[in-house]
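Notes follow the structure.
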Amino acid sequence: MKVIIFLSLTLTSFLFSQGGPDSLNFFPAHAGDVRQYRSQFTGDIAWTEYFDKDSVDQDGNIFIWYHREGIARQGDGVYKIDPLNNFYEHLYTVNDTAILLYKLDADTGTVWTYRKTPWDSILAKVVAIYPGLIYGKQVMLKQIEYTRYQGTGQFCLGNRYLAKGFGMVQLDTEPTDVYYLAGAL
């Protein structure tokens, strides 16, 4: 009995140190979930995101189909989380492209290409991981900064904040607004 418990704890520790299932807690989402985001500046609901269906393919990729309604964001798409915890957003309304939005198991300092076009690149970087309080619950937060690089220079597009157990809890867009999670079902 002691051998089985030890093996189980060792395997669990290994999975979590490798990203494992715990990384998915930075974006928990299932069919039927609903999230609303509010503008910090106006106080209005900026958009509501509905998770319509989800599935897993034979390679272990997780797919979550969604649609958004609201004044700040609209449209349909699908999120894909691959077995390496890369989180892609496939936007049907923006040139039918897929972008690498998050690396759910990335540590502070990790950089990746969010999007690349012939005229510019947008890089994402985890700038901080720290404990915080979300709706009275102590959680780990991950701050990801997005920077556009063009021939004329670089500028910050904003930050996204992921909270373990909640998903995206804040979106700062430069220089326009800050949106935060106002409710979830």
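Every heavy atom of this structure was used, including side-chain atoms; hydrogens, water molecules and symmetry mates were not.
Nearest heavy-atom pair across Y37 and M168 is OH-O, 2.8 Å. Across all non-hydrogen atoms, the minimal contact from F26 to A163 is CD2-C, 4.0 Å. Taking each heavy atom of R38 and G43 in turn, the nearest pair found is NH1-O, 2.5 Å. When all heavy atoms of L101 and W112 are compared, the closest pair comes out as O-CZ2, 3.5 Å. Shortest non-hydrogen contact noted between V126 and A106 is CG2-CB, 3.7 Å. Taking every heavy atom of both residues into account, V139 and F166 meet most closely at CG1-CE1, 3.9 Å.
Taking the six-membered ring for Trp, Y88 and Y79 have ring centres at least 6.0 Å apart.
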Please table the atom pairs, donor to acceptor, closer than 3.5 Å between any side-chain atom in residues 177-185 and protein atoms at least two apart or in another chain.
unit_1 : atom_1 : unit_2 : atom_2 : d
D177   : OD1    : S39    : OG     : 3.3
D177   : OD2    : S39    : OG     : 2.6

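Annotation: side chain of R73 is in contact with side chain of L171 (closest heavy-atom distance under 4.5 Å). In this structure the side chain of N85 reaches within 4.5 angstrom of the side chain of L24, judged on heavy atoms. The shortest distance between side-chain heavy atoms of R148 and R115 falls below 4.5 Å. Looking at V56 and N61, their side chains never come closer than 4.5 Å, going by heavy atoms from C-beta outward. Taking the side chain as every heavy atom from C-beta outward, R35 and W47 never approach each other to under 4.5 Å. With contacts defined as side-chain heavy-atom distances shorter than 4.5 Å, the pair P131/Q138 qualifies.
Note: the hydrophobic cluster containing L162 also contains Y130 (ILVMFWY, side chain heavy atoms under 4.5 Å, direct or indirect links). A continuous path of ILVMFWY side-chain contacts below 4.5 Å connects I99 to I62, so both sit in one hydrophobic cluster. Note on V34 and W65: separate hydrophobic clusters, where clusters join Ile, Leu, Val, Met, Phe, Trp and Tyr whose side-chain heavy atoms are under 4.5 Å apart, directly or indirectly.
Y114 and Y146 have perpendicular rings, their planes meeting at more than 60° on a 0 to 90° scale where under 30° would count as parallel.
The existence of a salt bridge linking R68 and E49 is confirmed by a sub-4.0 Å separation between a basic side-chain nitrogen and an acidic carboxylate oxygen.
With values rounded to the nearest 0.5 angstrom, I45 atom CD1 is found 4.0 Å from Q36 atom CD. The CD1 atom of I64 sits 13.0 Å away from atom NZ of K53, with the distance rounded to the nearest 0.5 Å. Distance check, rounded to the nearest 0.5 Å: CD of Q150 to OG1 of T117 gives 8.5 Å. Atom CD of residue Q143 and atom CD of residue Q170 lie 8.5 Å apart, to the nearest 0.5 angstrom. Between N86 atom CG and D105 atom CG the span is 7.5 Å, to the nearest 0.5 Å.
In this structure, the side chain of K142 engages the main chain of L104 through a donor-acceptor pair within 3.5 Å. One N or O on the side chain of D82 and one on the backbone of L84 form a donor-acceptor pair closer than 3.5 Å. The closest donor-acceptor contact from the side chain of T42 to the backbone of D44 lies under 3.5 Å.
Checked options D76, T48, D52; the residue passing with H67 is D52 (criterion: side chain to side chain donor-acceptor pair (under 3.5 Å)).
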Audit row: D57, F63, side-chain contact (heavy atoms from CB on, under 4.5 Å) steps and yes/no: CA-CA 8 Å; D57 70 10; F63 297 92; 3.5 Å; yes
Show, in sequence, the C-alpha distance, side-chain angles and deciding distance for T110 and D107, and conclude whether the side chain to side chain donor-acceptor pair (under 3.5 Å) test is met. CA-CA 6 Å; T110 302; D107 289 326; 5.7 Å; no
Determine, step by step, whether I122 and L157 satisfy the side-chain contact (heavy atoms from CB on, under 4.5 Å) criterion, reporting the C-alpha distance in whole Å, the side-chain angles of both residues, the deciding distance to 0.1 Å, and the verdict. CA-CA 9 Å; I122 299 173; L157 296 173; 3.6 Å; yes
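Annotation for L123: hydrophobic cluster partners, listed by chain and number, are V111, Y149 (ILVMFWY side-chain heavy atoms under 4.5 Å, direct or chained).
Annotation: cation-pi geometry not satisfied between K103 and F87 (NZ/CZ under 6.0 angstrom from ring centroid, within 45° of ring axis).
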